[in-house]
Amino acid sequence: AQSVTQPDIHITVSEGASLELRCNYSYGATPYLFWYVQSPGQGLQLLLKYFSGDTLVQGIKGFEAEFKRSQSSFNLRKPSVHWSDAAEYFCAVGTVTTGGYNKLIFGAGTRLAVHP
Amino acid sequence: DAMVIQNPRYQVTQFGKPVTLSCSQTLNHNVMYWYQQKSSQAPKLLFHYYDKDFNNEADTPDNFQSRRPNTSFCFLDIRSPGLGDAAMYLCATSRNSYNEQFFGPGTRLTVL
């Protein structure tokens, strides 16, 4: 069955430090992969997506992610974290249902705290 | 700006009293989704519409229904809310089934 694992429930970094959030997926075919960010009490905002092509994808707010098929991973990175990056981050894989539709399977999320 | 709008942002209802949540979009997307997100959990898909085609998730309780009267609007009806239905309800849209989803700000439902 398709699944997404985000091994880190909570991560704390200092402002200005680099960040890497881990994501591993289980999916039989070539996956569609996404990273979303959610601030408290808000909806989800798309940071970046991977459909095909270049395995290093750039997103908004200075984030990037690298798709590694051999490791079934899609880790999110940012070279220098800002206090405003504190939020919940969700990795998701797009899967095809029996009806031919696409649905997102989300990981459990990683809550990022940023220390000044 | 094109967007996904959810009303109300906060909804309080009583145990067993029907409630309707609203979602509208100006993106002219074909697909609209409803997710339930409980505290500190990932969003869970309840159902979605591809145009007028309704697709229910196998584990969505019968207590949850949806209507899509036109391309722009989609409603979530909870016929008899229980305490366990208290959650954030997120609406999302996508152009087609294989495109990324755009989320609204959510409706926080409280059941007393």
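Letters A, B, ... are given to chains in the order of the sequence lines, protein chains preceding strands, and every chain is numbered from 1. Computed from a predicted structure; not experimentally measured.
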In one Ile/Leu/Val/Met/Phe/Trp/Tyr side-chain cluster, 4.5 Å: B:Phe15, B:Ile78: yes
Does CG belonging to B:Asn70 count more than 12 external heavy atoms closer than 6.0 Å? yes
Just verifying a value: how many Å separate A:Phe106 CZ and B:Tyr35 OH, rounded to the nearest 0.5 Å? 5.0 Å
Counting only heavy atoms closer than 4.5 Å, note whether B:Asn96 contacts chain A via side chain, backbone, both or neither. neither
Part of A:Leu104 within contact of chain B (heavy atom distance under 4.5 Å): both
Select, from B:Ser94, B:Cys91, B:Pro43, the one with the greatest count of heavy-atom pairs under 4.5 Å involving chain A. B:Pro43
A:Leu112-A:Trp35 co-clustered via ILVMFWY side chain contacts under 4.5 Å: yes
Does atom CZ (B:Arg95) have a neighbourhood of more than 12 heavy atoms from anything else shown, all under 6.0 Å? no
Do you reckon A:Tyr25 sits in the same ILVMFWY cluster as A:Ile105, going by side-chain contacts under 4.5 Å, direct or chained? yes
Starting from B:Phe54, can I reach B:Val31 by hopping between I/L/V/M/F/W/Y residues whose side chains sit under 4.5 Å apart? no
Residues from residues 40-64 of chain A approaching chain B under 4.5 Å (heavy atoms): A:Gly41, A:Gln42, A:Gly43, A:Leu44, A:Leu46, A:Lys49, A:Phe51
Neighbour count above 12 (heavy atom, 6.0 Å) for A:His82 NE2: yes
Considering all heavy atoms of both residues, which atom of A:Phe90 and which atom of B:Gln37 are nearest to each other, and what is their separation? CZ-NE2, 3.5 Å
Has the side chain of B:Tyr33 got a donor or acceptor atom that lies under 3.5 Å from a matching backbone atom of A:Lys103? no
Hydrophobic cluster membership, B:Phe47 vs B:Tyr89, 4.5 Å side-chain cutoff: yes
Only pairs under 3.5 Å count here: list side-chain donor-acceptor contacts from residues 5-12 of chain A, not counting sequence neighbours, and write none if there are none.
| from | atom 1 | to | atom 2 | distance (Å) |
| --- | --- | --- | --- | --- |
| A:Gln6 | OE1 | A:Cys91 | N | 3.0 |
| A:Gln6 | OE1 | A:Gly109 | N | 3.1 |
| A:Gln6 | NE2 | A:Tyr89 | O | 3.0 |
| A:Gln6 | NE2 | A:Thr110 | OG1 | 3.4 |
| A:Asp8 | OD1 | A:Arg22 | NH2 | 3.0 |
| A:Asp8 | OD2 | A:Arg22 | NE | 3.1 |
| A:Asp8 | OD2 | A:Arg22 | NH2 | 3.4 |

A:Ala108 and B:Ala42: which non-hydrogen atoms are nearest, and at how many Å? CA-CB, 4.2 Å
Proximity breakdown for B:Gln41 and chain A, heavy-atom pairs closer than 4.5 Å: backbone
In terms of heavy-atom pairs under 4.5 Å, which option from B:Lys44, B:Gln101, B:Met88 contacts chain A the most? B:Gln101
